[in-house]
There are 2 protein chains.
Amino acid sequence: MDTALDRAVRVFCERGYHATSIGDLTAAMRLATGSVYKAFRDKQAVFLAAFERYAAVRREQTRSAAARGTNGRERLRHVLLSYVEHSQGIEGRRGCIVVGGAVELAALDPDVRARVNAQLETNETFIAGLIREGQADGSIPAHVATDDTSRLMICITQGMRVVGKARLPLDGERLVGVAMKLLA
Amino acid sequence: MDTALDRAVRVFCERGYHATSIGDLTAAMRLATGSVYKAFRDKQAVFLAAFERYAAVRREQTRSAAARGTNGRERLRHVLLSYVEHSQGIEGRRGCIVVGGAVELAALDPDVRARVNAQLETNETFIAGLIREGQADGSIPAHVATDDTSRLMICITQGMRVVGKARLPLDGERLVGVAMKLLA
DNA sequence: GATAATAGGGAATGATTGTTCCCAAATCAA
DNA sequence: TTGATTTGGGAACAATCATTCCCTATTATC
């Protein structure tokens with residue numbers, strides 16, 4: 001079932017919510033219509049489950065990117081680098097289900113909006129934590145405004161997914177190199 | 001007809017492409033079904049026309065925001081401030097048709113993707129121009145990497161629209177204050 | 001003033017949508 | 001082996017979709 005959900009994630013990322021029909025889902029998940037409706041209440045429930053699965057996977061990827069750094073600043077740098085990589089190429093073109101949910105459904109579906117906001121806030125809190133770590137270990141100056149900087153970085157990461165979906169190329173090292181000035 | 005198109009812009013911004021039915025459009029534009037199809041070839045043509053109209057209006061708003069500054073750095077600051085303002089509150093919740101087009105249609109409709117890319121590149125070129133102005137008038141250091149910085153700023157502006165649509169609050173002065181470090 | 005041309009309105013249409021219902025195969029219990 | 005229960009599959013359904021067609025005012029032309 002998790003593998004079927006992974007396939008649903010791909011379709012929702014690529015086509016968004018409304019352009020994905022139940023037929024698209026059954027084809028991707030290799031399940032019949034009745035089976036999908038036996039596993040999920042309706043299409044929105046499939047989307048929310050796919051959203052949850054996507055968020056969990058991405059959260060893990062981001063944590064492990066952070067673990068590649070040896071201090072707060074380096075951990076943050078690797079998180080940003082990881083975001084650029086995921087916003088590029090084939091995965092970038094496929095898109096992000098959080099951004100898709102925000103743009104396509106935030107105004108129409110309170111459940112999805114709540115999940116999107118929760119996800120954005122989790123990410124922001126994580127980044128803010130890394131900034132504080134850096135300030136504690138001396139790799140980030142104490143005068144950096146933690147909350148404002150982490151919120152701006154959320155804007156950067158979400159924006160990269162928009163730009164990546166539009167297929168503008170993103171150079172990881174150079175883009176992140178510039179973004180790290182925010183920690184000066 | 002321009003006023004009808006303005007109303008179409010609002011619907012497309014708020015609901016996106018696929019969730020907007022012809023019925024939604026006729027209600028918003030105060031036109032009957034037949035009239036819409038007499039003025040436009042199909043739904044995609046309405047969207048593209050609305051996109052064009054939206055882009056023209058936003059372009060003008062951005063230019064006039066830039067005009068409020070007295071040097072390159074200040075002009076860029078006002079542009080960023082303007083973006084935060086438009087990403088917030090009722091307009092932020094309504095959303096941006098460029099971001100919506102990128103996220104919802106870039107993978108499905110080559111025409112829309114081309115228009116989205118053109119718009120992103122226009123904005124990026126405009127920002128890059130402001131950076132160069134600032135470097136010429138001495139308000140921005142010469143060592144600032146123009147292309148990388150302007151691309152990152154596009155990510156920031158597009159990301160603010162995603163975050164604003166999700167209804168996370170954005171504090172203009174503080175966010176832009178942090179973002180201006182990119183010009184150090 | 002009569003007629004042609006245009007613009008706007010809305011019912012009809014066929015395709016597609018999300019959802020439900022029911023059937024067949026397989027698994028388990030006795 | 002039976003019978004009961006679950007699991008997966010797909011046809012059927014009503015609703016909604018984008019689009020077309022045709023009718024009625026209104027404007028323009030002679």
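Hydrogens, waters and symmetry mates play no part in the numbers below; they use all other heavy atoms, side chains included. The model shown is predicted, which means the values in this text are computed figures rather than measured ones. A note on names: the letters A, B, ... follow the listed sequences, proteins ahead of strands, and every chain is numbered from 1.
- Here D/dT19 presents its C1' atom at 16 Å from CG of B/L31, a figure rounded to the nearest Å.
- To the nearest angstrom, C1' of D/dA18 lies 8 Å from NZ of B/K43.
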How would DNA chain D look in dot-bracket form, 5' to 3', counting Watson-Crick and G-U wobble pairs with both distances under 3.5 Å and writing | for bases paired to another strand?
|.||||||||||||||||||||||||||||
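- For B/T146, the side chain to side chain contact (heavy atoms under 4.5 Å, CB included) test picks out B/A128, B/I131, B/R132, B/Q135, with sequence neighbours left out.
- A distance of 12.5 Å separates OG1 of B/T149 from CG of B/L130, quoted to the nearest 0.5 Å.
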So which protein N/O to nucleotides 20-26 of chain C N/O distances come out below 3.5 Å?
none

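- B/S139 and B/G72 make their closest contact through OG-N, 3.7 Å (heavy atoms, listed as atom of the first residue, atom of the second, distance).
- Between B/R15 atom CZ and D/dA18 atom P there is a gap of 11 Å when expressed in whole angstrom units.
- A donor-acceptor contact closer than 3.5 angstrom links the side chains of A/D24 and A/S21.
- The A/S35 side chain lies nearest to D/dG8 when the options are C/dG9, D/dG8, C/dT19.
- Under the 3.5 Å distance criterion, the side-chain polar atoms of A/R94 are left unmatched by any main-chain donor or acceptor of A/C13.
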Assess the residue pair B/F40 and B/L25 against the criterion (side-chain contact (heavy atoms from CB on, under 4.5 Å)); give the C-alpha distance rounded to whole Å, side-chain angles, the decisive distance to 0.1 Å, and a yes or no.
CA-CA 12 Å; B/F40 304 95; B/L25 281 175; over 6 Å; no
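- Atoms CE (A/M29) and C1' (D/dG8) sit 13 Å apart, rounded to a whole Å.
- Scanning for side chain to side chain contact (heavy atoms under 4.5 Å, CB included) contacts around B/L81 gives B/R77, B/E173, B/V176, with sequence neighbours left out.
- Not one N or O on the side chain of A/K165 forms a donor-acceptor pair closer than 3.5 Å with the backbone of B/A106.
- The ring pair (Phe, Tyr, Trp, His ring centres under 6.0 Å) check on B/F12 picks up B/F47, with sequence neighbours excluded.
- Heavy-atom distances under 4.0 Å link DNA chain C to A/T20, A/S21, A/I22 of residues 17-28 of chain A, given in residue order.
- Donor-acceptor pairing under 3.5 Å is recorded for the side chains of B/Q61 and B/R58.
- Note that the NE2 atom of B/H86 and the OG1 atom of B/T62 stand 7.0 Å from one another [nearest 0.5 Å].
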